[in-house]
Each structure stands twice: as C-alpha cells, then as structure tokens.
There are 2 protein chains.
Amino acid sequence: MCKSFTRYVSLSSGLLRSFNKISGLVVAVARKRVQDTVNNYGFMQLNKSFVSADDVAKRAGVSRSAVSRTFTPGASVSEETRQRVMEAAQALGYHVNQLARGLMRSESGIVCLVVSEMDTPYRARLVRALTHELQTAGKIAMLINTDRSDGSVDAALRQTLHYRADASILLSGLPDKAITRLCLNSGQRIVLINRDDDIDGPFRINLDDGQAARVAVSAFLRAGCRHLAFANSDVGTPSLMARERGFIAAAAEFGLEVTVVRHGNTVYESGRKIAQTLFTEPKRPDAVFCVNDLMAFGLMDGARYDFGLNIPEDLCIVGFDDIEQSSWTSYNLTTFSQPVDEIVKSSVAWLQSDATAGRVRSANLHAPLIWRKTIRNKL
Amino acid sequence: MCKSFTRYVSLSSGLLRSFNKISGLVVAVARKRVQDTVNNYGFMQLNKSFVSADDVAKRAGVSRSAVSRTFTPGASVSEETRQRVMEAAQALGYHVNQLARGLMRSESGIVCLVVSEMDTPYRARLVRALTHELQTAGKIAMLINTDRSDGSVDAALRQTLHYRADASILLSGLPDKAITRLCLNSGQRIVLINRDDDIDGPFRINLDDGQAARVAVSAFLRAGCRHLAFANSDVGTPSLMARERGFIAAAAEFGLEVTVVRHGNTVYESGRKIAQTLFTEPKRPDAVFCVNDLMAFGLMDGARYDFGLNIPEDLCIVGFDDIEQSSWTSYNLTTFSQPVDEIVKSSVAWLQSDATAGRVRSANLHAPLIWRKTIRNKL
DNA sequence: CGCTTTTTTGCAAGCGTGTGCAAAAGTTTC
DNA sequence: GAAACTTTTGCACACGCTTGCAAAAAAGCG
C-alpha cells in the first residue's frame, strides 16, 4: 500500500487519545504503520512516519535497490531510472536514513565533540569552526557536554560508542585510558586538542607553549619590565602548566624570578582575584603573563579599577587565546593567538586520512603573538 | 565464532597495506568480520569492529534477546541472566548500538540544534545549557552549523531528517515552510527559540520584548534622559524588530521621539560604528537602548574613547542578553537578562510532553532588567 | 503431587538500508 | 543475426537491534 505525501491519522471522535490508556501492546502495534485516509477529525499528525526507500520504489515503479543506488554515489543506475527515482523521492520527501545506512556501512558519519564549559569564548569558537569543517567534510557533529564532574568524560566516550561515532574530538578533560583504548579498538578515531596523553593511537594537537612563553618574556624585557608574574588557574591542565613552566624557565635564562599565582578556574573573576593578591604585595610586578585572555581581562580590570594602575605604563600584560574580546578597545590585549583554523583543518584532515597509511601521531602548532596595546613599546 | 576482548588483526608482513590496492570487492568482504588471533606483527587495530549483542550472548551462554532485554529498562529478565549478561558485556566492552535501536523503535534519541554564529556569547550559553538539559533527559544533541548563507537552514533540516532526529531546536534563521511541514509530517518536533513563524506545529518560545522596551523607556525617563536612541542591526530578526517597535511605541506614549540607527550585524563593531553616527549628530542622544549587549559594548567604547563621554553621567545605556561580559567592571552594563534556564527547561519539557495531549503552542517569557551601572540613579 | 498462574526465554520477523550475485537488457563486433 | 561483451536490475542476505508470540520454566496453591 503506497503511502502518500501528507500523512494524517484518521481516527474519528478522539479515539487516538484513548490509545494511551490501553495496554502498551496495542499501542505498539498501532504505532507501526497506519494507512492514509482522509482526515475528518482534527488533522492530527501521525507520530513518527518517515518515508522509506520502499515507498519511493513503489511510486517510481522500480526495485528498492534502484532507489538505494540512486542515492549512492558511484553506483550503477541508468539515467532514466535515476530520474524517476529522484522525482518520486522529491514528491514523497524521501531522505536516506543515515542510521540504517550507518548500520550497513558501519560508518555513521557522526563525529562527537566532547567539551565542557563550551560557552567559553575560545571553546565556542573552536566548536563553531569544527562543526563547520566537519559538515563540509560530509560529517556531522554530535555535541557531548561534560560539565558535570562525575567522570563525565568517560560517560561521554560511552555515548560515543553508543552512537557508533566514527571519531571523537576531545576539547576538555581527559578520559580513562581503558575507555580510550576501548574506543580505539572499536575502530574509532580520537583527536585530543591541547590535552596531553601518552596513550598511543589518538591524534594529538598541541601548541608550542614553551616557545610562546619565551616570546612573552622577551617582549616584557624589551618593554623594560623587571618584575615578572604569571597568573594561572589551579585547573592544572597540561597546556596551562606548560605555559607556566616555559615562562619560568625563559625568565630564569635572564636571571629573573617569576611570581606565580594560581587561583580558581580560568575565568574573569579569577584574574580579578589574582590582581588583589598580586598588587598588594610589597614588590609589585610590572608584567603579568596570564594563562588565558579571560583571566587577563579580570586582572586588567582589577589593576585599573582597584589599584588605579595604567596599562601599559605601569603594567604590561600578555594573554593567551586571542578571543574576540581581546580586540575590544577597553582591553586591547596583546595576546597569543590560538590557530583555530589550523587546529580544525588538521583535525578533520587527519580524520579523513587513510587508516592504514603510516599515521601521523601529533601536530605541534605555533601560536603567534598579536601585538595590541598592553605592552609598551619601550621603557 | 566468538570474538574475544582485544581485537587485533594478525596479518604478517604488511599484508594489511596491500588490501588497499586490490579490488573493492575483496576489501568489502575482508572488512566484515575478522577472527582474532595473536598479533605478531605490529599491534594494528582492526578498523571498525564494535562488539555486538550476539557476541555478548554467546559469551554469556544466553540468547540475543536476553541481552537486549537486559539493556531495555522494564523488560523481563531474571536476575541471574541479567548478571551474566552484564558481566559478559563488561568484559567485552559492549555498548548498545543506538543506531540499530533507533531503527527499531523509530526514536533515535537525537535532537538537532540548528544554529549559526554559535560563538556569540548568548548563543554559546544557550547551546551549552541545551546540550546539558538534553543529556539529563536522555537525549543527545546534534549540532548543525548554518553559518553558510546558501539556504543552509533548509539544508540543516534535511540533515535532521537524514538522521531521523526526534526533534529540532532552531536558534537561528528560519526555514522554508515546506521543509518545516516535512519535518512535522515525519513526526519530528520543532522548537523555535526567538524566531517568529506563523506555521502551526512547532513550539515557539519568545520573550516579551515589548514589555522590556517599556521598562527601558521608563528607566531612562527616571534617570532624566530626554533624547532616546535605539541601536539596532539591520539583520531584521523578528525579536530584534519587536524591541525596536516596542521602544518607539513606549517612548511615543511619553511624547518622545527615538533616533533609530541600524547597522551591520549584531556585533561589537556595529555598536562602535553606530556610536560614530550617533554622537556626531547635532542633538546628541543621552540614552541608548542597544538591541544586544555586544552592540552596547561597542557603543560604550565608542562613546568613551572616541568622544570622551562618561557613562552614565553623559549617557545612559541599556543592553539585552546579559551575557557574561556585561558584569565585567569595564562595562558593568545594565541589561535585560535572557532567561536561558527557563528557555531550556521549557523546550526540553515540551519535547518530552505527550504528543497526543492537547499540545501547548508557545511560551512567552519575561526578561528582567539587571541593574548595574550604565543608568544613573537620578537626574 | 497435579493444577493453574506467573515469569522467563528463545524464536523469528521486522526496522531501512547497502551490496554481491546472477539474470536480464542493452551494446558492440564480425 | 549470432556471439561476445557491458551495463542495468532485482533478489536476497546482512547490519544490530526490539519485540510479539508461544513454549518452557518457575512459582503459587489446594
């Protein structure tokens, strides 16, 4: 029986509602397929009834294989049948069921993005760019929020397995090695962005934090700064710690010590708090490298409004990420730019690379310093 | 043949690589199932080989149905078999294939979020909150980026159909009615957040923009402002236009005219630009309602740094959205708060509501004014 | 213990697709 | 026009799961 385009259930006088009250068995049976008839009650839409390839085949007068082949690039179909199939599909509003296709091809087209606090400017930008790039690569992004603390990265990767994702991209947290291995063994590909992990198999993208730290130190020195400080969170992510270590090491090369303050999360308020402790100290720093732009903003506001300091005259600041707000006139922050485009491109390229080929393991990207107004030119 | 826990392919001396070169047919056959053997070459992972319910059943010595029932809440399984199944599943790393389950249940558990420019603070917050809420409701979010201009909202909804999403939530753009209807007819539920549409079927969430505009006017009046202006983008989204109309109307009630400036997108730079045109005019406004916090920031920076105006002494400003940056000391923006939590809760609640019940059509939410420092207390 | 009632279990059909295989149809060649 | 080839087509099985149905096992009962 050919199902037509508009699908309404014809159930006179509210019979549909009573379906809910009777046993689950009957509901289940009734749910399956309902033939079309003219609706004389209330134009109630039928719950769940996508049009299938069978419907299209019937309407076009061909076999179901023909329909499948029409929508499979490179398959053998004559131009004539393709036309007829397309026409019928159009009329019926047919869309290939990717779930079923994924089942057959064992390739769902789904890529999971695992991320927490995704409303953070840098993360949001990354997610946006990733989804876009994935889409143009013919994949689709599934977003898994790991805001909850209870081992949720592991739970996220489990979700990833449930949906037979082709790959997972981790922007936050670090999963248990056992789970990672499980994913890898299931044929999933894993990309780790800015998280360090010694497990073999995932593609790791990292920034050259040490180099950036060195650049920061020399920029401060050229500006005549002598009392360096480093504002960090106590999140302790490897990349954040790498910046800290790198900064301390680079400063040491010039015989300078660094005052390190760690507080809270990598957010505005933490920067604000750090300003409090940093500028009430006896030897006030004249240069601060903030692990993060958000913290830099907090620090700047603290310095300006709580201590009346002028930036960059009294105080030079460098941030990291180059989020949009950094270019706003109120901040005009000199900061290291996350190479979001490169990160995204190399991730997706790796996902599409041949699995059996000698696989690249990691990428090390450079974060250039964007000069604005928070470091003075000369002493 | 029972597949064991660790799955490595044993192919001595690089045979695997040569697979690529031979005909597609052989590859396809080889891809299917490969028996386990000890790997004596290089620990190459087998591409794509999730463990299935069959494997678990075999290991646990029960039927496949038993496995299925173990993972189906409310199904009838004895405690003993459940134990054995769980144990086997654990050992094998089994995860129910949601794609296949969705195929049977015709309920994928997928909810699509259709959004453009998702790195905008307000949108990012909404996406974060939505994904979180959906996850706790047992759904999973699929993110569809509609940044490209070419009718991409329609394309997005097509994707939605491809993946048999249970529902779509539109945060950006507005789809063609035909597509919307197609989705609805396929049994999909649609939520429109802050986009107006006269089509019947979707759940529409809107803010009371008119009321907010009235509040803004009276706040300005109480502060002694007399020259009101409205800073808008020329995006022309219904909700943005509603704010504009509401503001003009409310001002008119007090016999005041409003200078309206529209420019570009709803971003910082546009606010900056608008400041240029607004403050070079002969009769400079002393109060500006910005359609958006981002534009408000741009306007504030323009007013302060290009024109040396003091806020709120010379100029009062109100924004809309209450994004995180609004509370930063540099801005301290008095603004209307998007009730993100309410939006999210009501959306997800509606998605879970009974389809056959008398369905609610829309929600009208209130955006309260958050008082900070950009409106002076008294004249 | 035998009977009835309840719970558990396996079988098999089906969800919507892709695809190898062989048959059918079309095309070229002599 | 027949033989040799190529392209197109339909059949049927597979993917991994859910679930109605009936048979089997367990439990309750007099």
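First the proteins, then the strands, lettered A, B, ... as listed; each starts at 1. Just so you know, these numbers come straight off a predicted model, no measurement behind them.
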Quiz prompt | N/O (side chain, B/Ser68) to phosphate O (OP1/OP2, D/dG16) under 4.0 Å | solution = no
Quiz item: When you look at NZ of B/Lys177, are more than 12 heavy atoms from neighbouring residues, nucleotides or ligands closer to it than 6.0 Å?
Solution: yes
Quiz item: Can B/Glu87 and B/Gln83 be said to form a side chain to side chain donor-acceptor pair (under 3.5 Å), step by step?
Solution: CA-CA 6 Å; B/Glu87 200 173 287; B/Gln83 287 291 335; over 6 Å; no
Exercise. Find the distance A/Glu107:CD to C/dT17:P and express it as a whole number of Å.
Key: 17 Å
Exercise. Take the C1' atoms of the five end pairs on each side of the helix from C/dC1-D/dG30 to C/dC30-D/dG1, derive the two axes, and give their angle rounded to 10 degrees.
Key: 30°
Quiz item: Nearest to the side chain of B/Thr72, which nucleotide is it out of C/dT17, D/dT19, D/dC17?
Solution: D/dT19
Quiz prompt | Candidate nucleotides D/dC17, C/dT17, C/dT19, ranked by approach to the side chain of A/Arg105 - the nearest | solution = C/dT19
Practice problem: Please report the C-alpha distance between A/Ser168 and A/Leu157 in whole Å, then the side-chain angles of each, then the deciding distance to 0.1 Å, and finally whether the side chain to side chain contact (heavy atoms under 4.5 Å, CB included) criterion is met. | Solution: CA-CA 8 Å; A/Ser168 301; A/Leu157 282 187; 3.9 Å; yes
Quiz item: Taking atom C1' of D/dA12 as reference, at what distance in whole Å does atom CG of A/Asp54 sit?
Solution: 13 Å
Quiz item: Atom CZ of B/Arg84 and atom C1' of C/dG10: how far apart are they, to the nearest Å?
Solution: 14 Å
Quiz prompt | B/Phe203 and B/Trp350 aromatic ring geometry - parallel, tilted or perpendicular at 30°/60° bounds | solution = parallel
Quiz prompt | Closest-nucleotide 5' rank along DNA chain C - winner of B/Val77 and B/Ala100 | solution = B/Val77
Exercise. Tell me which nucleotide among C/dT9, C/dG16, D/dT9 gets nearest to the side chain of A/Thr81.
Key: D/dT9
Quiz prompt | Closest to side chain of B/Arg69, choosing from C/dG18, C/dG16, C/dC11 | solution = C/dC11
Quiz prompt | Between C1' of C/dC15 and CZ of A/Arg101, the distance in whole Å | solution = 17 Å
Exercise. Identify whether any heavy atom of A/Tyr94 sits under 4.0 Å from a base atom; if not, whether one sits that close to sugar-phosphate; answer base, sugar-phosphate or nothing.
Key: sugar-phosphate
Quiz prompt | Side-chain N,O (A/Ser76) to OP1/OP2 (D/dT8) below 4.0 Å | solution = yes
Self-check item: Separation of D/dC17 C1' from A/Met104 CE (nearest whole Å)
Solution: 15 Å
Quiz item: Starting at CG of B/Leu99 and ending at C1' of D/dA14, how long is that distance when rounded to a whole Å?
Solution: 16 Å
Practice problem: Determine the contact category for A/Val67: base if any of its heavy atoms lies under 4.0 Å from a base atom, sugar-phosphate if only primed atoms, P, OP1 or OP2 are that close, otherwise nothing. | Solution: nothing
Practice problem: Please determine if a side-chain N or O atom of B/Tyr163 lies less than 4.0 Å away from the OP1 or OP2 oxygen of C/dG16. | Solution: no
Quiz item: At under 4.0 Å, does any side-chain N or O of A/Ser63 touch on OP1 or OP2 of D/dC11?
Solution: no
Quiz item: Starting at CZ of A/Phe50 and ending at C1' of C/dT17, how long is that distance when rounded to a whole Å?
Solution: 15 Å
Quiz item: Between the base of C/dC11 and the side chain of B/Ser65, is there any donor-acceptor pair under 3.5 Å?
Solution: yes
Quiz item: Does any N or O donor sit under 3.5 Å from an N or O acceptor when you compare the side chain of B/Arg164 with the base of C/dG16?
Solution: no
Quiz item: So, is B/Arg64 near the phosphate of D/dT18, with a side-chain N or O under 4.0 Å from OP1 or OP2?
Solution: no
Self-check item: Whether A/His162 side chain and B/Val96 backbone form a donor-acceptor pair below 3.5 Å
Solution: yes
Quiz prompt | side chain to side chain donor-acceptor pair (under 3.5 Å) partners for A/Thr131, two or more places apart | solution = B/Asn145
Practice problem: Whole angstrom is fine here: how far is it from CG in A/Leu103 over to P in D/dC13? | Solution: 18 Å
Self-check item: Nearest heavy atoms of A/Arg189 and A/Leu351, plus distance in Å
Solution: NH1-O, 2.9 Å
Exercise. Provide the full list of side-chain hydrogen bond (donor to acceptor under 3.5 Å, both in side chains) pairs with a residue in residues 63-78 of chain A, sequence neighbours left out, each pair given once.
Key: A/Ser78-A/Thr81
